[in-house]
Amino acid sequence: MSRTLKTVRDDRLEKRLVNLILTPTKLHELLCSHFGELHWWPHDACYHKDCGSDPRFEIMVGAILTQNTAWSNVEKALLNLKAAHLLEINSLAKVNLGKLTAAIRPSGYYNQKAARLKELSSYLLENYNGDLDLFFSKETPELREELLSLKGIGPETADSMLLYAGAHPIFVVDSYTKRICSRIPITKKTCLDYSCIQNHFQLQLSAHYSDQTELVSIYNSLHAEIVELSKQFCTKTKPLCADCPLSLVCKKIIN
DNA sequence: GTCCAGGGCCGTT
DNA sequence: AACGGCCATGGA
């Protein structure tokens with residue numbers, strides 16, 4: 001086979017591939033039409049109501065508690081914390097470690113997580129006098145670095161806090177998102193690590209939705225949709241491809 | 001009984 | 001840079 005012929009074939013293949021790549025915008029449209037508009041952080045749960053504290057701090061606490069943990073277990077811990085009036089920066093910063101550990105026990109990894117909550121609340125108290133308005137008013141990249149500098153806060157936890165508590169335009173990548181990206185190619189080159197996926201989603205979506213408030217809303221709902229998709233269809237071991245809202249695109253792209 | 005869930009840290013290669 | 005072990009509960 002001549003070299004030119006091979007190149008032509010490769011070009012065709014490449015063009016086909018480009019057309020078949022699932023963009024984040026398309027993904028959102030497909031999922032949104034199936035699930036409807038979702039907003040992920042469970043703000044309708046009972047511990048959110050009348051707790052007399054800042055819901056933003058509760059979201060930050062939840063972000064730490066849910067690390068590699070089912071949300072149902074996190075709810076129990078949050079209810080315990082609420083009952084003990086610990087969903088507040090000042091009280092959490094000064095509560096004794098044993099009491100805190102006991103309260104968050106149902107969420108698992110309670111020794112680590114207790115230390116992480118202590119670190120977070122102390123940091124906010126000492127550096128911002130517990131003022132979350134002040135804290136979240138900083139620029140996104142700077143804020144992200146600050147959060148990442150705290151022990152126990154990695155990329156996903158930091159980004160969850162930025163998006164869901166601070167309404168900053170940051171797309172959260174979790175194990176579900178990575179799973180979807182490993183099953184449906186979203187770029188020409190392989191893109192599976194945290195920052196590659198995040199950059200790609202943010203670049204593509206921010207070009208498509210220019211309004212910042214709308215962008216925050218899109219990041220929020222798309223993440224929620226990815227979680228639902230993964231839980232209901234694109235499961236870890238035996239995915240239910242037959243009923244999946246992405247089945248047509250997925251088949252087309254992979255085959 | 002086994003697997004898994006909205007990670008992240010730390011030590012080793 | 002990449003990988004493996006570790007942390008721990010509760011529901012399916």
Side-chain angles (χ1 to χ4, degrees), chain A residues 24 27-28 31 35 38-45 47-48 55-56 58-81 97-120 123 144-166 168 170-183 189-199 201 216 218-240:
Chain A
L27 177 65
H28 174 53
L31 294 181
F35 293 115
L38 301 174
H39 281 285
W40 186 40
W41 207 274
H43 47 274
D44 55 331
Y47 42 81
H48 257 297
R56 290 175 297 179
E58 183 185 311
I59 290 170
M60 297 174 89
V61 171
I64 288 177
L65 293 180
T66 196
Q67 290 170 348
N68 202 35
T69 300
W71 185 256
S72 57
N73 284 1
V74 178
E75 283 187 324
K76 299 177 208 300
L78 283 174
L79 285 170
N80 289 342
L81 290 173
L97 203 55
K99 192 175 171 186
L100 178 55
T101 303
I104 66 169
R105 185 180 173 81
S107 71
Y109 308 121
Y110 43 77
N111 290 315
Q112 284 187 0
K113 286 175 178 174
R116 291 170 185 189
L117 291 176
K118 277 288 193 183
E119 163 120 352
L120 174 66
Y123 180 82
R144 189 171 195 269
E145 286 312 307
E146 274 186 50
L147 287 168
L148 289 176
S149 75
L150 301 180
K151 198 169 293 185
I153 298 186
E156 191 196 328
T157 308
D159 291 338
S160 293
M161 291 178 179
L162 288 169
L163 177 65
Y164 291 107
H168 280 254
I170 284 273
F171 183 72
V172 179
V173 178
D174 58 14
S175 55
Y176 291 144
T177 315
K178 289 178 182 169
R179 186 195 301 160
I180 303 297
C181 292
S182 73
R183 290 179 179 171
K189 286 176 284 185
T190 57
C191 179
L192 292 175
D193 64 279
Y194 195 99
S195 58
C196 183
I197 294 175
Q198 183 178 52
N199 285 334
F201 271 69
V216 167
I218 296 287
Y219 289 161
N220 188 326
S221 56
L222 178 53
H223 186 230
E225 290 152 12
I226 289 174
V227 171
E228 278 310 302
L229 179 76
S230 306
K231 283 183 174 174
Q232 293 183 28
F233 304 102
C234 208
T235 51
K236 195 169 192 174
T237 49
K238 42 174 189 173
L240 307 171

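Quick note on labels: first sequence line is chain A, next is B, and so on, each numbered from 1.
One can place CH2 of A:Trp71 at 18 Å from C1' of B:dC4, the figure rounded to the nearest angstrom. Between the OH atom of A:Tyr110 and the C1' atom of C:dA8 there is a distance of 6 Å, rounded to whole Å. Here C:dA2 presents its P atom at 17 Å from OH of A:Tyr194, a figure rounded to the nearest Å. Atom CG of A:Asn80 and atom P of C:dG10 are 10 Å apart (whole Å). A straight line from CG of A:Leu150 to C1' of B:dC9 spans 14 Å, rounded to a whole angstrom. Atom C1' of nucleotide B:dT2 and atom NZ of A:Lys236 are separated by 13 Å, given to the nearest angstrom. Rounded to an integer number of Å, the gap from NZ of A:Lys151 to C1' of B:dG7 is 16 Å. Distance CG (A:Leu65) to C1' (B:dG8): 14 Å, rounded to an integer number of Å.
The phosphate of B:dG7 has neither OP1 nor OP2 within less than 4.0 Å of any side-chain N or O from A:Thr69. For the OP1/OP2 pair of B:dG7 and a distance below 4.0 Å, the side-chain nitrogens and oxygens of A:Lys113 include no atom meeting the criterion. For C:dA8, the OP1/OP2 oxygens have a side-chain nitrogen or oxygen of A:Asn111 closer than 4.0 Å. Side-chain nitrogen and oxygen atoms of A:Arg179 include at least one within less than 4.0 Å of the OP1 or OP2 phosphate oxygen of B:dA5. Note on A:Ser175: a side-chain N or O is less than 4.0 Å away from OP1 or OP2 of B:dG7.
Nucleic acid contact for A:Thr237: sugar-phosphate only, since backbone atoms but no base atoms lie under 4.0 Å from a heavy atom of the residue. A:Gln112 comes within 4.0 angstrom of a nucleotide base, judged by non-hydrogen atoms across all strands. Counting any heavy atom pair closer than 4.0 Å across all strands shown, A:Thr157 reaches sugar-phosphate atoms only and no base atom.
A donor-acceptor contact closer than 3.5 angstrom links the side chains of A:His223 and A:Asp174.
A donor-acceptor contact shorter than 3.5 Å is absent between the side chain of A:Thr66 and the backbone of A:Gly62.
Shortest non-hydrogen contact noted between A:Tyr194 and A:Val173 is CE1-O, 2.9 Å. The nearest pair of heavy atoms linking A:Lys76 to A:Pro106 is CB-CB, 3.8 Å.
Distance from the side chain of A:Pro106 is smallest to C:dT9 among B:dG8, C:dT9, C:dG11. Considering only the side chain of A:Asn68, B:dA5 comes nearest among B:dA5, B:dG8, C:dG10.
Residues A:Gly154 and A:Ala70 both approach DNA chain B. Their nearest nucleotides, taken by heavy-atom distance, put A:Ala70 toward the 5′ side. Nearer the 5' end of DNA chain B, as judged by each residue's closest nucleotide, is the contact made by A:Ser160, out of A:Ile153 and A:Ser160.
C:dG10 and B:dG8 have their P atoms separated by 22 Å, with the value rounded to a whole Å.
Partner A:Phe171 forms a side-chain contact (heavy atoms from CB on, under 4.5 Å) with one of A:Asn220, A:Val216, A:Asn199, A:Thr177 and no other, that one being A:Thr177. Among the candidates A:Lys113, A:Arg116, A:Gln112, the single residue satisfying the side chain to side chain donor-acceptor pair (under 3.5 Å) test with A:Gln67 is A:Arg116.
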